[in-house]
Amino acid sequence: MNNSDSINLNENFLEQIIKNDLSNGLDNTDLRFRFPPEPNGFLHIGHAKSICLNFGFGKTFSAPVNLRFDDTNPEKESTEFIDAIKKDITWLGFQWDSECYASDYFDQLYDWAVMLIKKGKAYVDSQSQEEISEQRGVPTSSGKKSPHRDREVIENLDLFEKMKKGHFKPGDCVLRAKIDMSSPNMHMRDPVLYRIINTSHHRTNDKWKIYPTYDWAHGQSDYIEQISHSFCTLEFEVHRELYDWFLQNIYDEGKLLPKQREFARLNLSYTIMSKRKLSELVESGLVSGWDDPRMPTISGLRRRGVPASAIIAFCEKVGVSKRENIIDFALLDFCTREILNKISYRLMVVLDPVELIIENYENDKSENLVAENNPEDESYGNREITFSKKLFIEREDFKEEANRKFFRLTLGKEVRLKNAYIIKGERVEKDAEGNISKIYCSYDPKSKSGSGSPESLRKVKGTIHWVDKNNYENISVNIYDKLFNSESPDDDKENDFKDSLNENSLKTFNNACAEKNINNVEFDKYYQFQRKGYFKLDSKKSDKIFNRTVTLRDNKKF
Ligand code: ATP
Ligand code: MG
């Protein structure tokens, strides 16, 4: 499936910026976009928005899109994350033009830093991080200049070279740009370009003892790749002045200067988007991994059974704006249901079984009934299911005494068994603790679904699903609820975000009974367990474990 054919985040303000640039003389062939993840975690649904945006523009304007790993901090990054990110983007249906790494530009970035030193625009500061932060001051009054700000060029060059060669320990010194300690924009107050990190890098190994900061690497990487439009989230708006200052100082006549523009990040209710926090959940074992089906990661959503096309449809609906807001997670569920309804194979599975005995059905009889695989699409065909005297139904689908609003099975009332007959509850048998162990009923032999008889067309109040006790398979089913109880766990600054984890976010049914056709399910197909929701075979386990993707319906409309 190539979803990129259908990307449409509406005509948004960023698209307008590109179009204006084109009408002001930018050549169409100069358009180039990028998606720049830091490989310090798995991608989440927020990244999907940025992926759809950038790859969507690539599609709209027939322009290349680079995948650039922003790998400037070896302490947190790994090839495991790089592989996971590539897998997720591919699964979403996108193809990058070039696979790039900020670490491939380390030599060039170093040379530019030397150039800045030579121009008197960068210096080595030998103060501690705390001293530097303190001197930056507050936006309303000027910061304090570092005592090392006026070091001679020659001394700076010597010290910077020593930093590179590993003569110093982390924290001993940093390289700073010499800009303006009284700028109202704090990012312009002599920002750090390089810090000493004594960690081996997953690509450059032990070559470097110093690593560029995000600010120093990002814009220059865009420039090296000749990215025309660099789109990022709003928190980088205040970095833009610095981004432009760096570019002005390094750029060659005739080369294209990338343009950074910002959009609001995606926030989703009842979950978190910070990679640092997601990583904390993984590392503390509070979830089973980055691809735990409760995680807002692309891999978690995939494992849960959300199709890529639902994630794309969701991103399209959310659109792009300049204002931060929190999107209701029910919108993602809505998009998921819309697609799953069309592509899911139907099966009957009883999660919490209780035995049902049809007293007037012949003892050893078994019949084959026909059921539709997908009422939305005839091309999915039919399947056979067996029916006999003893069945399983859902425990919650029976009540001895029920009010008028209970449209399931009760004593003395009729319901239809899905794809089969109309039955009437007669009596129950209970165990020593008083729990119902067997339900006895009678059936109307003429009411068989699809037989065309007048009785088969008879309307009864409810329909319930069932599984033949003589012909079933045991499976396990995971039912998920939201991961957090709080609507915006990220925003609570007083309490630990983990305090609002929902303790009941996973409930497992280990004795679910499924019709035998469950043996034919495939990993890359989607299923509806009738009346129970949409389900996906878990991709991690070899046993028959199913994850519920989403319930069948919600009252919310979008
Ligand atoms: P985090 O703060 O969770 O670590 P990040 O922004 O540092 O996220 P990156 O890997 O640097 O993560 O992000 C890659 C790209 O995805 C960036 O361009 C970033 O702006 C964008 N992005 C990250 N989170 C979101 C989000 N919630 N909504 C939209 N875009 C996002
Ligand atoms: Mg980032």
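Basis for what follows: all heavy atoms, side chains included, without hydrogens, waters or symmetry-related copies. Note that ligands are numbered from 1 as they come in the structure, with each ligand's atoms numbered from 1 the same way. Everything numeric in this text was worked out from a predicted model, so none of it was measured.
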Checklist entry - Should you measure from each heavy atom of Glu38, which atoms of ligand 1 turn up under 4.0 Å away? => result 9 (P), 10 (O), 11 (O)

Checklist entry - Heavy atoms, side chains only, cut-off 4.5 Å: are Leu159 and Tyr123 in contact? => result no

Item to check | Polar side chain donor-acceptor pair, Ser128 to Glu131, under 3.5 angstrom | outcome: yes

Next on the checklist: One pair to check against side-chain contact (heavy atoms from CB on, under 4.5 Å): Asn325 and Asn267. What are the steps and the verdict?
Outcome noted: CA-CA 7 Å; Asn325 61 352; Asn267 301 305; 5.7 Å; no

Next on the checklist: Only heavy atoms of Ser274, strictly under 4.0 Å: list the atoms of ligand 1 that pass.
Outcome noted: 3 (O)

Checklist entry - Can Lys536 be said to sit on top of Tyr526's aromatic six-ring, NZ or CZ under 6.0 Å from centre and within 45° of the ring axis? => result yes

Item to check | N/O separation below 3.5 Å, Phe263 to ligand 1 | outcome: no

Next on the checklist: Nearest non-hydrogen contact with atom 10 (O) of ligand 1 belongs to which option: Lys277, Arg265, Lys275, Arg276?
Outcome noted: Lys275

Next on the checklist: Would Cys232 count as a polar contact of ligand 1, with the cut-off being nitrogen or oxygen pairs under 3.5 Å?
Outcome noted: no

Item to check | Any N/O pair Thr233/ligand 1 closer than 3.5 Å | outcome: yes

Item to check | Under 3.5 Å: N/O of Met273 near N/O of ligand 1 | outcome: yes

Item to check | Sequence neighbours excluded, every pair satisfying side-chain hydrogen bond (donor to acceptor under 3.5 Å, both in side chains) that has a member inside residues 159-174 | outcome: Asp158-Lys162, Glu161-Lys165

Item to check | For Pro36, the ligand 1 atoms whose distance to one of its heavy atoms is below 4.0 Å | outcome: 14 (C), 18 (O)

Next on the checklist: Under 4.0 Å from a heavy atom of Phe35: which atoms of ligand 1 are those, numbered in the order shown and with their elements?
Outcome noted: 15 (C), 16 (O)

Checklist outcome for this item: Across all chains, not counting sequence neighbours, the side chain to side chain donor-acceptor pair (under 3.5 Å) partners of Ser103 are Asp71, Arg203

Checklist entry - Does His44 have a heavy atom less than 4.0 Å from any atom of ligand 1? => result yes

Item to check | No-hydrogen, no-angle side-chain donor-acceptor test under 3.5 Å, Asp538 and Asn547 | outcome: yes

